[in-house]
Asker: 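Quick one: this structure, given as structure tokens, is what I'll be asking you about.
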Amino acid sequence: MALLSIKNLSIGYQTKAGMLKAVDNISFELERGRPLGFVGESGCGKTTIGMTLMGLLPGNAHILGGSIGFQNQDLIQLNEDQWRRVRGKEIAMIFQAAMNALNPVMRVDEQVIEAIVTHTPDISPADLDKRINELFDLVEIPRVRMKDFPHEYSGGMKQRVIIAMALACNPKLIIADEPTTALDVIVQDQILKEIKAIQKAMNTGLIFISHDIAVVASVCKDICVMYGGQIVETGTREEVFRNPRHPYTKALLGSYLSLDNELTVVIPDMRETPDLTLESGCCRFAVNCKTCSSACKAEVPQWIDISGSHKALCCDETIIRNSHE
Amino acid sequence: MLKNHYIQRFLKGWKIFIQNPLGKMGVVILVVFMLMALASFFVPHINPMYDPMTGIDPDIKISTGPSLTHLLGTDNVGRDLFAQLLEGAKVAFIVGLSSAFFSIVIGTVIGMVSGYAGGMVDTILMRMADIIMVMPSLVILLILSSLFGQFNIWIIVFIIAIMRWPAVSRVIRSQTLSLKHRPFIEASRVAGASHLRIIFRHIMPNVLPLAFLYMTFRVTSAILVEAALSFLGFGDPSQVSWGMMLQWVWKSGHMFQAPYWLIPPGVSISLLTLSFYMLGRAMDEVLDPRLRKEGQS
Amino acid sequence: MSNLKKYPLIEMKGVTKEYSPRKRFFSKCQNKVLALNSIDFSIEKGEIFGLVGQSGSGKTTCGRLLVRLEEPTSGSICLNGEPINKLKGIGLKTYRSKVQMIFQDPYQSLNPHLSIAETILEPLVVNGLGNAATRREKVLHTLEIVGLSPADDFYDRYPHQLSGGQRQRVAIARAIVLDPDFIVADEPTSMLDATIAIQLFQLLTQIRKRFDMAFLFITHNLAAANYLCDRIAVIHEGHIVEVNTANNIIQHPEHPYTKRLIQVQPGFDFNG
């Protein structure tokens with residue numbers, strides 16, 4: 001059975017301009033040991049998904065429908081008390097801004113201890129000590145640095161502490177939201193390796209959110225490409241990145257600059273930002289789509305199966321089928 | 001063409017301002033008081049006995065309650081309380097607006113220069129501000145007026161303005177400091193803009209909302225300081241202000257006998273200061289495009 | 001004219017920049033931070049020169065020195081062979097009209113209180129160029145060049161009504177409106193999405209071709225520098241460790257730091 005299964009999830013933000021459907025009718029399943037990557041650009045709803053799974057949606061957000069199945073319960077039905085038992089213990093998050101996620105006036109080890117004690121208040125001091133040492137070994141921070149304050153750490157080390165805090169209670173699912181965006185490429189490389197190794201060692205579920213397709217490709221086995229609140233293409237990383245079918249996935253790959261000339265640069269013509277106030281189910285990419293016909297704007301896009309787990313969301317089946325290069 | 005541009009801008013701002021419930025309420029209250037202040041010019045012409053200072057109803061010898069001839073009643077020598085209240089509104093506007101305006105102008109310019117220039121200029125200006133800020137303005141006013149006798153209302157306005165700019169300048173300075181290194185200021189420097197242009201074209205519009213917000217606080221505090229001063233008997237004896245009315249009701253021993261005399265000036269002081277506060281909040285939204293709703297600008 | 005020819009457009013000679021922390025009471029030692037350590041490079045007319053480095057490497061300081069937002073501690077910067085360190089008044093103003101900058105964050109680099117037109121007009125106004133009608137014409141023309149068309153639509157808008165990519169186009173318009181010889185572009189796309197960034201790269205290449213402007217392209221992304229630049233300098237902890245043509249840097253890196261940078265670039269190897 002899947003660790004996490006989301007069905008037809010829709011989330012909207014109530015704003016002065018109306019209801020913005022930041023997540024529109026999304027379904028996916030996550031297995032342990034198969035990291036799932038969400039890739040898309042700012043405003044595509046990938047962070048909203050992460051926040052929903054942590055029960056941390058802001059006050060103006062509304063869950064408009066759908067279900068989140070996790071360990072025989074529907075997370076949408078949980079109240080704040082029940083959330084507190086899940087959050088951090090069952091589902092943990094590695095935040096983006098490592099610089100701001102640590103309390104500057106607390107020693108680093110105290111912050112990790114706090115993360116453990118919150119969920120296991122009756123842990124014995126000896127066990128706690130053992131656990132702390134385990135965690136710092138796991139993220140490769142020397143024990144002599146445990147008593148330091150966050151400002152004495154480099155950006156990469158702070159991010160490791162964040163990872164240690166996320167791992168503190170042996171969560172079953174880890175959500176990593178742009179964990180390396182603020183880091184240098186060299187540090188990013190180390191952190192990505194670490195996340196991969198830890199995921200393998202602990203066999204947790206991992207949802208990895210990033211705007212950088214190469215980073216997602218290096219960590220995740222399965223990929224969801226998001227645009228304007230919708231998943232537009234999904235499949236294994238080989239399927240999605242070697243054989244992209246949706247015009248947006250192609251644009252994303254075409255604008256990626258890499259050093260090995262594996263991908264040819266194709267400059268996309270995307271000027272518009274997706275209109276999130278559109279009615280649920282409409283193709284959000286239609287405003288930027290060159291292959292779009294007038295019918296696209298009226299019709300509801302359908303999932304078109306390509307092969308195995310690989311499928312794409314589009315109104316026009318022939319475009320998806322014939323777009324193989 | 002240029003004039004037209006600014007008129008358009010003002011109308012746009014007004015539209016946003018009036019859509020804000022706080023702004024709407026503030027404006028309504030303010031308009032009422034403004035009408036009262038205007039009316040104070042005409043009332044004495046209806047009948048000389050409605051002159052707030054010298055008009056005495058010959059038929060009345062003691063303080064009486066509301067009646068048709070005296071809507072709010074009279075004080076103990078037979079002067080009309082409603083006329084006094086109208087006159088008080090006028091004085092409150094004069095004192096509040098002018099002293100707030102002066103203190104804001106001084107405070108904003110000093111704050112911007114101090115923050116933008118930094119170094120020695122900053123140190124000197126801010127130490128000066130510190131010194132003035134720790135001086136209790138009401139006590140200073142009391143000491144000065146007991147030394148030199150009761151002051152003319154304009155001198156009071158001037159002293160309040162001089163005493164109250166430092167707080168404004170501190171806030172404007174810190175805002176300027178955070179703006180100074182913002183890329184759009186640096187972009188303007190790269191484009192070759194002079195320091196004066198940067199201060200007045202780029203920094204000023206960004207600190208104006210704060211200055212306006214503080215202006216409303218200054219109006220409030222100036223009205224309160226003047227009221228306190230008058231209530232303690234150190235006000236301008238030739239002006240009828242709300243504080244003065246309160247002093248008279250207290251001095252003549254009517255504090256608990258004449259609620260029609262005590263309550264109106266008290267309530268007026270609170271309402272007018274409240275309305276200025278509400279105006280400030282609504283103005284904030286006009287001057288800062290980021291607070292506006294989509295499609296409104 | 002002939003003696004101008006032998007100088008590069010812009011040149012940094014032994015430029016060093018130190019930051020000394022503010023003097024405090026009770027503190028005896030002063031730890032100076034060396035942001036740049038004797039930097040040498042030159043940029044030719046019409047060239048896009050990449051400066052690649054990680055955060056804290058001094059790459060942004062380098063750009064700020066070139067537009068005189070900061071002064072070097074020692075060394076000199078020359079435009080067409082003439083040192084700019086001592087420029088003041090009119091001389092500085094002339095220099096500023098020739099050297100412009102595009103900033104990193106399009107959400108911070110436009111004054112929210114000025115309309116798009118007012119923003120792009122500013123360099124023209126402060127340099128006293130043209131009259132109201134010709135300035136308007138120039139602004140509309142520049143808006144078209146940077147791809148904000150129809151220009152009339154954008155003329156009276158405010159920054160908060162534009163997307164990040166459009167704002168950055170406005171910032172580019174402000175930089176090119178004076179027809180400068182040289183533009184410092186400090187991570188102009190690091191805050192933007194990849195699909196938007198690549199369109200801006202295309203725009204910069206078009207502008208270079210059309211006006212023969214030189215660019216200093218500051219970035220942390222080696223792949224972006226490789227895509228856009230003729231030559232690349234790799235900067236590490238205040239030192240330039242390697243300068244070469246873009247192709248040579250990527251294909252035949254010499255310095256170990258450059259090699260490391262290339263090695264950690266995430267690629268699409270699906271073996272992990």
Side-chain angles (χ1 to χ4, degrees), chain A residues 35 39-44 154-155 180-190 192-193 195-197 200 210-221 227 236-239 241-242 248 250-263 265-273 288, chain C residues 52-57 107 147-149 161-166 169 189-203 205-206 219-229 232 236 246-247 249-251 253 256-272:
Chain A
V39 63
E41 304 190 323
S42 50
C44 74
S154 66
T180 61
T181 304
L183 304 174
D184 294 341
V185 277
I186 294 176
V187 186
Q188 163 173 294
D189 186 57
Q190 294 162 354
L192 289 180
K193 281 186 181 138
I195 290 178
K196 271 189 277 189
K200 236 176 230 163
S210 180
H211 68 284
D212 189 326
I213 51 172
V215 167
V216 172
S218 73
V219 175
C220 301
K221 293 208 165 73
Y227 185 82
T236 64
R237 59 182 172 194
E238 288 82 2
E239 289 167 342
F241 290 142
R242 297 254 190 257
Y248 177 66
K250 286 181 184 169
L252 208 53
L253 283 163
S255 27
Y256 188 78
L257 299 171
S258 66
L259 288 180
D260 40 12
N261 298 319
E262 192 164 335
L263 298 165
V265 173
V266 184
I267 292 164
D269 187 24
M270 289 173 53
R271 290 301 178 81
E272 305 293 328
T273 42
N288 276 317
Chain C
V52 180
Q54 300 304 299
S55 53
S57 62
Y107 292 89
L148 293 175
S149 55
Q161 296 165 308
L162 305 185
S163 67
Q166 288 171 330
R169 282 171 195 268
T189 60
S190 69
M191 312 284 288
L192 302 172
D193 291 328
T195 50
I196 305 295
I198 195 90
Q199 294 178 55
L200 285 182
F201 288 156
Q202 186 192 29
L203 175 65
T205 338
Q206 285 167 354
T219 183
H220 66 276
N221 185 345
L222 194 57
N226 177 40
Y227 176 73
L228 197 64
C229 302
I232 293 176
H236 180 50
N247 218 12
I249 286 262
I250 308 301
Q251 304 302 331
Y257 180 73
T258 317
K259 287 180 188 163
R260 183 105 179 82
L261 271 187
I262 293 170
Q263 183 206 332
V264 298
Q265 210 73 25
F268 287 86
D269 53 332
F270 295 141
N271 309 317

Asker: Which pair of heavy atoms, one from S255(A) and one from A194(C), lies closest together, and at what distance?
Answerer: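 Smallest heavy-atom distance, with atoms named: CB-O, 3.6 Å.
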Asker: Does any N or O in the side chain of E41(A) come within less than 3.5 Å of the main-chain N or O of T195(C), such that one atom is a donor and the other an acceptor?
Answerer: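 Here the side-chain-to-backbone pair exists.
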Asker: Between D189(A), V219(A), D212(A), V187(A), which residue shows the highest count of heavy-atom pairs closer than 4.5 Å to chain C?
Answerer: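 Heavy-atom pairs under 4.5 Å are most numerous for D189(A).
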Asker: Test side chain to side chain contact (heavy atoms under 4.5 Å, CB included) on V264(C) and Q188(A) and set out the steps.
Answerer: CA-CA 8 Å; V264(C) 298; Q188(A) 163 173 294; over 6 Å; no
Asker: Determine whether a donor-acceptor pair (N or O, by modelled atom type, separation under 3.5 Å) exists between the side chain of Q54(C) and the backbone of V185(A).
Answerer: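 Yes, because the side chain of Q54(C) sits within donor-acceptor range (under 3.5 Å) of the backbone of V185(A).
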Asker: Show the numbers, then the answer: is there a side chain to side chain contact (heavy atoms under 4.5 Å, CB included) between F201(C) and L257(A)?
Answerer: CA-CA 11 Å; F201(C) 288 156; L257(A) 299 171; 3.5 Å; yes
Asker: Return the minimal non-hydrogen interatomic distance between N226(C) and S258(A), and the atom names on each side.
Answerer: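 Answer, listing the atom of N226(C) first, then S258(A): ND2-O, 4.5 Å.
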Asker: Where on L222(C) is there a heavy atom nearer than 4.5 Å to chain A: the side chain, the backbone, both, or neither?
Answerer: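 Backbone plus side chain of L222(C), per the 4.5 Å heavy-atom cut-off to chain A.
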Asker: Between atom CG of L183(A) and atom NE2 of H220(C), what is the distance when rounded to the nearest 0.5 Å?
Answerer: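 Output value for this atom pair is 10.5 Å.
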Asker: Rounded to the nearest 0.5 Å, how far does OG of S42(A) lie from CE of M191(C)?
Answerer: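 If I round to the nearest 0.5 Å, the distance is 10.0 Å.
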Asker: Between I262(C), D193(C), I198(C), L261(C), who has the most heavy-atom pairs with chain A when the cutoff is under 4.5 Å?
Answerer: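 Of the candidates given, the most pairs with chain A belong to D193(C).
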